[in-house]
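Here the structure is laid out as structure tokens; the discussion comes afterwards.
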Number of protein chains: 2
Amino acid sequence: MYNKKEYLSTPRCEKMLNGIEDALYVLGGKWKLRIIVGLLDGDKRFNELQRTVNGISAKVLSDELKKLELNGFIRRQVYADTRPVVVEYGLTDYALTLKELLQLLSEWGEMHKERIKEQMRNSY
Amino acid sequence: MYNKKEYLSTPRCEKMLNGIEDALYVLGGKWKLRIIVGLLDGDKRFNELQRTVNGISAKVLSDELKKLELNGFIRRQVYADTRPVVVEYGLTDYALTLKELLQLLSEWGEMHKERIKEQMRNSY
DNA sequence: CGGTATCCGTTTGGATACTG
DNA sequence: CAGTATCCAAACGGATACCG
């Protein structure tokens, strides 16, 4: 039976739940997606990246970068022939498979913020 | 200058960062997206939903449902003329604006899991 | 059934200081 | 610059018990 809410079938919902779970396992948390987005416009050095991802502390950035590198999203490059040593972080090709998703999530977030503002205006 | 990684321009990256931040503010955390997905195939009662969203405790589900209701994603319906009282949770139309996103995230998650399995197979 | 109350361990993350 | 070390507070979340 068709209905206007376009429900998913139960097996489809369970499959989706699994997919979401798998995705959130590596991407969940407050910072990972932001760090990836912060690198979307090009490789960055540590402090540069910290300034881009507003509000993140050095410790947390350091921890998260390690995890992201382990999971194949980020590549850390050391240019050892300089003084002091220059380190650059960049996205792997695999991280770029998230681009569409990040775009969509970001657009949804913008839309949501507008909606909230609208509600504020209408609430008095 | 064009390059094969298709970097975003810096202002675009900052805008995206803001969008992501706004989205994660209401959708972040371990459970919210899963609960929404759990309701995508139709309204559910509390215990039904708890069984669907694997691993969530009654307390956490209760807390999260309240927040999701406050933010306009979920509608709680009480059928008071029954004994015991029947309560049903369902998605609002607003929550359905997340459908594409959830679909994409889930597909990415599936793909990612396959990739991990592949790596396991090739690692010995 | 549909929760709430309480308790408590774990995780997360922020502040500050420090190092090569 | 590129982090690490330490400490601590808050958030998150699990277990159990209990209630109408």
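In what follows, every chain begins at residue 1, and chains take the letters A, B, ... in the order their sequences are listed. Small disclaimer: the values here were computed from a predicted structure and weren't measured. Values reported hereafter were calculated over all heavy atoms of this structure, with side chains retained and with hydrogens, waters and symmetry mates removed.
Straight-line distance from the CG atom of B:Asp43 to the P atom of C:dG2: 13 Å, rounded to whole Å. Summarising the geometry, the separation between CG on B:Asn54 and C1' on D:dG13 is reported as 16 Å, rounded to the nearest angstrom. Atom-to-atom, CD of A:Gln77 to P of D:dG3 comes out at 13 Å; the value is rounded to the nearest Å. One interatomic measurement links the two molecules: CG of B:Leu65 to C1' of C:dG2, which rounds to 11 Å at whole-angstrom precision. Summarising the geometry, the separation between CZ on B:Phe46 and P on D:dC19 is reported as 18 Å, rounded to the nearest angstrom. Distance, B:Gln50 CD to D:dG13 P: 15 Å, rounded to whole Å. As a whole-Å value, the separation of B:Leu61 CG from C:dT4 P is 10 Å. B:Asp63 places its CG atom 16 Å from the P atom of C:dC7, with the value rounded to the nearest Å.
Residue B:Leu104 is grouped with residue B:Leu91 when hydrophobic side chains (ILVMFWY) are merged at heavy-atom distances under 4.5 angstrom, including chains of intermediate members. Cluster membership for A:Val86 and A:Phe46, using ILVMFWY side-chain heavy atoms within less than 4.5 angstrom, is not shared.
Taking a 4.0 Å limit (strictly below) on heavy-atom distances, residues 32-41 of chain B does not reach DNA chain D anywhere.
Contact annotation: the side chain of A:Lys59 approaches that of A:Asp63 to within less than 4.5 Å [non-hydrogen atoms, C-beta and beyond].
A cation-pi arrangement is absent between A:Arg75 and A:Tyr89 under the rule of less than 6.0 angstrom and at most 45 degrees off the ring axis.
Between A:Arg121 and A:Glu118, the closest heavy-atom pair is NH2-OE1, 2.7 Å. When all heavy atoms of A:Val87 and A:Arg45 are compared, the pair lying nearest together is O-CG, 3.3 Å. When all heavy atoms of B:Cys13 and A:Gly38 are compared, the pair lying nearest together is SG-CA, 4.1 Å.
At a cut-off of 3.5 angstrom, counting only N and O atoms as typed in the model, there is no donor on one side facing an acceptor on the other between the side-chain of B:Lys59 and the base of C:dG3.
Not one side-chain nitrogen or oxygen of B:Trp31 sits closer than 4.0 Å to the OP1 or OP2 atom of D:dA11. At the phosphate of D:dA2, neither OP1 nor OP2 sits under 4.0 Å from any side-chain N or O atom of A:Arg51. Side-chain nitrogen and oxygen atoms of B:Tyr79 include none within less than 4.0 Å of the OP1 or OP2 phosphate oxygen of C:dC1. Look at A:Ser57 and you won't find any side-chain N or O under 4.0 angstrom from OP1 or OP2 of C:dG13. The phosphate of D:dA2 has OP1 or OP2 within less than 4.0 Å of a side-chain N or O from A:Arg45.
The neighbour count for A:Tyr94 OH, taken as heavy atoms of other residues, nucleotides or ligands under 6.0 Å away, is above 12. Heavy-atom neighbours of A:Glu100 CD from other residues, nucleotides or ligands within 6.0 Å: at or below the threshold of 12.
Note that the two end axes of the helix from C:dC1-D:dG20 to C:dG20-D:dC1 enclose an angle of 40°, each drawn from 5 base pairs, rounded to 10 degrees.
The side chain of A:Arg76 has D:dG3 as its nearest neighbour among D:dG3, C:dG3, D:dT4. Side-chain proximity of B:Ser62 to D:dG3, D:dG13, C:dG3: nearest is C:dG3. In this structure, the nucleotide among C:dG14, D:dG13, C:dG3 sitting nearest to the side chain of B:Lys30 is D:dG13.
Ion pairing between B:Glu110 and B:Lys113 fails under the 4.0 Å rule for side-chain N and carboxylate O.
Ranked by how close their nearest DNA chain C nucleotide is to the 5' end, A:Gly29 and A:Pro84 are led by A:Gly29.
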